[in-house]
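Contents: one structure, followed by commentary.
The chain is numbered in sequence order, starting from 1.
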Amino acid sequence: MPALSNPRHEAFAQAIFAGLAGETRVDRAQSTAYLTAYPNCSNGNSAEAAASRLLRRVKPILERVRELQAEANKRLEPKLDLSRERIGRRLDKASRIAEQQGNASAMATSELGIAKVFHSLPNASDDAFTFKNATSMHDFGRKLLQTVGLQNPDASSIALAVEANDAFVARLEEIAASPQRTIDAD
């Protein structure tokens with residue numbers, strides 16, 4: 001879609017698009033974009049209402065913003081092909097070259113690379129239980145106890161660990177809510 005025929009509509013679409021990357025809420029506001037295209041409009045609620053009305057009634061503006069986004073995304077796409085298929089082909093080629101040269105170490109390295117790319121090697125960290133993959137407070141309490149050496153805690157120990165964690169968090173919240181203290185250097 002080429003630029004919109006109405007120059008003010010085009011300016012509004014461009015300003016909406018530019019506002020998408022705005023650093024502040026005001027920069028991203030529709031009313032800010034509207035005031036760019038229609039500077040004689042009064043600031044505030046009237047600009048916000050007019051911007052909203054224009055976006056609802058003139059559908060090509062929204063289509064133009066989407067087009068500008070697509071163009072920007074296309075420019076940002078990496079030129080480098082990092083697909084699994086490409087990497088797999090390159091590792092396979094490296095493995096075949098290493099085999100032709102009788103280089104067992106390079107061949108093994110290439111084969112391990114292929115296995116990693118296509119996830120055919122088990123990864124010890126995939127099965128490891130961590131705080132990140134805890135799905136409940138029960139899991140969290142179990143992990144807390146495991147970090148201090150209790151590998152197979154029972155349900156009551158886990159419940160106590162969760163209570164201790166809640167008390168710890170509550171104390172931290174109290175500290176955060178209290179005024180900052182300074183330590184006098186005597």
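- Counting all heavy atoms, side chain and backbone alike, Cys41 lies closest to Leu35 at O-CD2, 3.3 Å.
- The two atoms that bring Ser110 and Leu91 nearest to each other are CB-O, 3.6 Å, heavy atoms only.
- The minimum heavy-atom distance linking Asn6 with Arg8 is given by the pair OD1-N, 2.9 Å.
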Check: Are Phe12 and Leu55 close enough, and set up right, to give a side chain to side chain contact (heavy atoms under 4.5 Å, CB included), and what steps lead you there?
Finding: CA-CA 9 Å; Phe12 181 57; Leu55 281 172; 3.8 Å; yes
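- For the atom pair NE2 (His138) and CD1 (Ile158), the distance works out to 3.5 Å, reported to the nearest 0.5 Å.
- Looking only at side-chain heavy atoms (C-beta outward), Leu4 and Val58 stay at 4.5 Å or farther from each other.
- Note that CZ of Arg142 is 7.5 Å distant from OG of Ser136, once rounded to the nearest 0.5 Å.
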Checklist line | Pair Leu54-Ser52, side chain to side chain contact (heavy atoms under 4.5 Å, CB included): steps then yes or no | finding: CA-CA 5 Å; Leu54 189 59; Ser52 179; over 6 Å; no
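- Minimum heavy-atom separation, Met107 to Ala98: N-CB, 3.5 Å.
- Note that OG of Ser46 and OH of Tyr38 are 13.0 Å apart. Values are rounded to the nearest 0.5 Å.
- With rounding to the nearest 0.5 Å, the separation of CD1 in Ile16 from CG in Leu68 is 11.0 Å.
- Of the possible polar contacts, one joining the Gln146 side chain to the Gln151 backbone as a donor-acceptor pair under 3.5 Å is found.
- Residue pairs meeting the salt bridge (Lys or Arg N to Asp or Glu O under 4.0 Å) criterion with at least one member in residues 30-50: none, sequence neighbours excluded.
- In terms of heavy-atom proximity, Pro153 sits nearest to Leu145 at CB-CD1, 3.5 Å.
- Dense packing is recorded around CD of Gln69, with more than 12 heavy atoms of other residues, nucleotides or ligands lying under 6.0 Å away.
- A salt bridge is defined here as a Lys NZ or Arg NE, NH1 or NH2 lying under 4.0 Å from an Asp or Glu carboxylate O, and Glu99 with Arg96 fails to meet this definition.
- Electrostatic pairing of Arg89 and Asp92 does not count as a salt bridge here, judged by no charged N lying under 4.0 Å from a carboxylate O.
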Identify each donor-acceptor pair in which a side-chain atom of residues 160-175 lies under 3.5 Å from a protein atom, sequence neighbours left out, and give them as a table.
| from | atom 1 | to | atom 2 | distance (Å) |
| --- | --- | --- | --- | --- |
| Arg171 | NH1 | Glu174 | OE1 | 3.2 |

Next item on the list: Go through Glu111 and Ile114 one step at a time and tell me if the side chain to side chain contact (heavy atoms under 4.5 Å, CB included) criterion holds.
Entry: CA-CA 5 Å; Glu111 297 295 327; Ile114 291 170; 4.3 Å; yes
Notebook entry, point to check: Should Glu63 and Arg66 be marked as a salt bridge (Lys or Arg N to Asp or Glu O under 4.0 Å) after you check the CA-CA gap, both sets of side-chain angles, and the distance that decides it?
Noted result: CA-CA 5 Å; Glu63 292 170 13; Arg66 288 189 181 121; over 6 Å; no
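- Between the CZ atom in Arg64 and the CD atom in Gln14 there is a gap of 5.5 Å [rounded to 0.5 Å].
- By the side-chain contact (heavy atoms from CB on, under 4.5 Å) test, Ala49 pairs with Arg53, sequence neighbours left out.
- Expressed to the nearest 0.5 Å, how far CG of Leu144 lies from CG of Leu150 amounts to 11.5 Å.
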